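These notes are about the structure you will find just below.
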Amino acid sequence: MNKKTIYTLIAILIVFGIYGYEFFLKEEEKAEVVEAGKDVKNNTNEYFLPTSTTSQITHHEGYSLSYSEPHEQAEWVAYELKKSHLAKTNFKRPYFEIDKAIKTGAAHWRNYKKSGYDRGHLCPAGDRRYSQFAHDETFLTSNISPQRHDFNSGIWNALEQKVRYWAGKYDGVFVVTGGVLKHGLKTIGEENVAVPNEFYKVLIDTNTDKTKMIAFLLPHKKSNKPLYEFVVSVDTIEKLTGIDFFHELDDALENKLEASSSYKAWSFQ
DNA sequence: CTGACGATC
DNA sequence: GATCGTCAG
């Protein structure tokens, strides 16, 4: 056996060794890694995660969130809605489950029972229909806020459908959404889940030629007004919530885009 | 699409 | 408690 043959054999052993180790990692530790949130970038896009005012960011496969224990709900839920996520599958709605990843304990769905309020999704089930797992994962109590039914099924639903329309038109959007949480809100249930007076949604699109943003601030009530009447600047949402959105962007670009309340770059069809 | 709720085992 | 069917915005 000459030197060349030996080197070749060693190279083959190294390659197979690495592959075998990778394979072992994927099979044995993938679930754990996902659980720890280290794989979140593959599933959402951690580049765009906002800051947390509560220091309790949790990553799921289909979305990330920042949980506010005093309000027993998320202050924001963030996820990427890719064009490829848009699907027409119709999964059966599962039961809501307490999110065990929330260390301080997420609210029980019983708080909403006969409260007069919907369990309103923040990351909509309709945005996660590309797989049964992703769909069912939206039914965690860390992903819901108390919403009036005429709001949830009305203008909020219309906005969620508009987001899906934009995800298709602009090859995906990144979404951050939640209720405006503050002291003194009305609460429901034994755990005192706060009922927000406003809900917001902030979008960024980096998939088309020019990065663009749009933000909505909706009063928590039924409305028949057109959606564009609720457009505000991202700065407005930041001042209201204390959350810093898209802070990883170049400062000049971030400042310019977040100060704008123009919606001319977004098609309202 | 977004949901609640009563009947049933 | 889990499932199924019905109903409503």
Side-chain angles (χ1 to χ4, degrees), chain A residues 62-63 65 72-74 76-77 79-100 105-170 172-173 175-180 186-191 193-203 216-230 266-269:
Chain A
Y63 58 92
L65 67 98
E72 287 292 2
Q73 64 198 275
W76 54 254
V77 169
Y79 60 97
E80 186 177 11
L81 181 58
K82 299 180 183 180
K83 190 176 184 177
S84 63
H85 288 157
L86 301 172
K88 292 177 180 175
T89 52
N90 206 2
F91 299 114
K92 196 179 75 173
R93 291 169 69 94
Y95 262 56
F96 282 94
E97 283 183 27
I98 296 173
D99 185 351
K100 289 171 183 168
H108 196 287
W109 58 265
R110 278 238 172 74
N111 291 287
Y112 292 73
K113 185 90 173 174
K114 293 190 175 177
S115 69
Y117 290 90
D118 279 9
R119 304 159 174 107
H121 279 85
L122 294 175
C123 175
D127 283 2
R128 304 282 88 151
R129 294 201 290 181
Y130 53 88
S131 81
Q132 177 94 57
F133 182 89
H135 172 264
D136 290 359
E137 194 185 42
T138 67
F139 286 76
L140 294 172
T141 55
S142 53
N143 184 43
I144 59 175
S145 291
Q147 291 183 331
R148 294 173 50 118
H149 186 66
D150 56 8
F151 173 79
N152 187 23
S153 65
I155 193 166
W156 189 248
N157 185 22
L159 178 54
E160 289 175 340
Q161 291 185 40
K162 188 66 74 181
V163 171
R164 284 191 277 274
Y165 163 72
W166 283 327
K169 186 178 180 69
Y170 304 130
V173 289
V175 186
V176 186
T177 190
V180 176
K186 178 190 174 176
T187 65
I188 57 169
E190 288 185 3
E191 293 178 284
V193 180
V195 182
N197 293 323
E198 304 97 17
F199 286 89
Y200 68 87
K201 208 176 275 287
V202 181
L203 310 177
F216 295 85
L217 182 65
L218 279 70
H220 186 189
K221 62 182 184 185
K222 175 184 165 72
S223 173
N224 294 319
K225 291 180 183 173
L227 283 168
Y228 55 76
E229 288 194 20
F230 299 96
W266 298 78
S267 165
F268 279 82
Q269 206 172 21

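Please read all numbers here as calculations on a predicted model, not as lab measurements. Convention: sequence-line order gives letters A, B, ...; per-chain numbering from 1.
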Counterpart residues, ring pair (Phe, Tyr, Trp, His ring centres under 6.0 Å), relative to [X] (two or more places apart):
X	answer
A:Tyr117	none
A:Trp109	none
A:Tyr228	A:Tyr263, A:Phe268
A:His135	A:Phe91, A:Phe139

Discussion item. Under the salt bridge (charged side-chain N to carboxylate O under 4.0 Å, His left out) definition, can you give me all pairs with a residue in residues 85-97 of chain A, not counting sequence neighbours?
Written reply: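 For residues 85-97 of chain A, and leaving out neighbouring residues, there are no salt bridge (charged side-chain N to carboxylate O under 4.0 Å, His left out) pairs at all.
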Query raised in the report: Which pairs with one or both residues in residues 153-170 of chain A pass salt bridge (charged side-chain N to carboxylate O under 4.0 Å, His left out), sequence neighbours excluded?
Result: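 Checked against salt bridge (charged side-chain N to carboxylate O under 4.0 Å, His left out) - neighbours excluded - the pairs reaching residues 153-170 of chain A are A:Asp127-A:Arg164.
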Next on the checklist: Please confirm whether the ring centroid of A:Phe199 lies under 6.0 Å from the ring centroid of A:Phe151.
Outcome noted: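 When the ring centroids of A:Phe199 and A:Phe151 are compared, they turn out to be within the sub-6.0 Å range.
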Nearest-nucleotide comparison on DNA chain C, the residue closer to the 5′ end among A:Arg110 and A:Gly154: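 On the 5' side of the pair lies A:Arg110.
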For residues 218-225 of chain A, please give each side-chain donor-acceptor pair under 3.5 Å, one per line with the distance, not counting sequence neighbours.
| unit_1 | atom_1 | unit_2 | atom_2 | d |
| --- | --- | --- | --- | --- |
| A:His220 | ND1 | A:Pro196 | O | 2.9 |
| A:His220 | NE2 | A:Arg148 | N | 2.7 |
| A:Ser223 | OG | A:Lys225 | N | 3.1 |

Nucleotide by nucleotide, nucleotides 1-6 of chain B touches protein heavy atoms under 4.0 Å in the pattern (B base, S sugar-phosphate only, - none) BBSSS-
Scan nucleotides 3-6 of chain C against the protein and return all N/O pairs shorter than 3.5 Å with their distances rounded to 0.1 Å.
| unit_1 | atom_1 | unit_2 | atom_2 | d |
| --- | --- | --- | --- | --- |
| C:dC4 | OP2 | A:Lys92 | NZ | 3.0 |

